[in-house]
Amino acid sequence: MATPIATAALSASVYAPGDQMLLTITYSDADTKPLTVTIVVTDAQGNSSAPVKVAAVIDPLTVTVTDDSGRTWNRVSDNGAVAVYRAVA
């Protein structure tokens, strides 16, 4: 299995107490596999439905954010490749 990779960047390098901090994380995993299942239903007379597709991911990734001050980081967005988290300085 491949090891996931991640890069991260904060919205600034210095914050005053109470400032909003945004953390952007870009991540991926070479062996995460998308899977598409196609379903067709056929009756006894040979009539078939239109194909229906369902998607899933094998070996999904989970992002966890902590810092050494115990600050709470809240997820703002995550599309499966880029996640944005917010905290207060």
Side-chain angles (χ1 to χ4, degrees):
M1 295 188 96
T3 301
I5 59 171
T7 60
L10 284 166
S11 54
S13 59
V14 177
Y15 297 95
D19 284 353
Q20 174 178 270
M21 303 168 63
L22 288 176
L23 173 66
T24 302
I25 304 161
T26 303
Y27 62 97
S28 64
D29 186 3
D31 66 355
T32 296
K33 305 215 180 345
L35 170 72
T36 301
V37 178
T38 303
I39 301 102
V40 174
V41 178
T42 306
D43 66 15
Q45 290 76 39
N47 300 308
S48 297
S49 69
V52 176
K53 296 186 182 234
V54 178
V57 175
I58 307 301
D59 192 17
L61 300 173
T62 302
V63 177
T64 304
V65 178
T66 59
D67 69 29
D68 57 5
S69 73
R71 179 176 288 104
T72 300
W73 289 88
N74 297 302
R75 185 176 60 210
V76 175
S77 64
D78 187 348
N79 68 8
V82 177
V84 177
Y85 284 76
R86 177 182 7 230
V88 176

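Values reported hereafter were calculated over all heavy atoms of this structure, with side chains retained and with hydrogens, waters and symmetry mates removed. Sequence positions, counted from 1, serve as the residue numbers for this chain.
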Closest heavy-atom contact between [X] and [Y]?
| X | Y | answer |
| --- | --- | --- |
| Gln20 | Tyr15 | O-CE2, 3.6 Å |
| Ala6 | Ile25 | CB-CG2, 4.4 Å |
| Tyr85 | Val63 | OH-O, 3.5 Å |
| Asp59 | Thr32 | O-OG1, 3.2 Å |
| Pro51 | Thr38 | CB-CG2, 3.9 Å |
| Leu10 | Trp73 | CD2-CH2, 3.9 Å |

Self-check item: Arg71 atom CZ: more than 12 heavy-atom contacts under 6.0 Å
Solution: yes
Quiz item: So how far is it from Arg75 CZ to Thr64 OG1, rounded to the nearest 0.5 Å?
Solution: 10.5 Å
Self-check item: Val88 with Val14, same ILVMFWY side-chain cluster at under 4.5 Å
Solution: no
Exercise. Determine, using the 4.5 Å side-chain heavy-atom cutoff (strictly less than), whether Val54 and Ile58 are members of one ILVMFWY cluster.
Key: yes
Self-check item: Check: Ser49 side chain, Val41 main-chain N or O, donor-acceptor pair, under 3.5 Å
Solution: yes
Exercise. Examine distances only and state if a side-chain atom of Thr24 and a backbone atom of Val84 form a donor-acceptor pair shorter than 3.5 Å.
Key: no
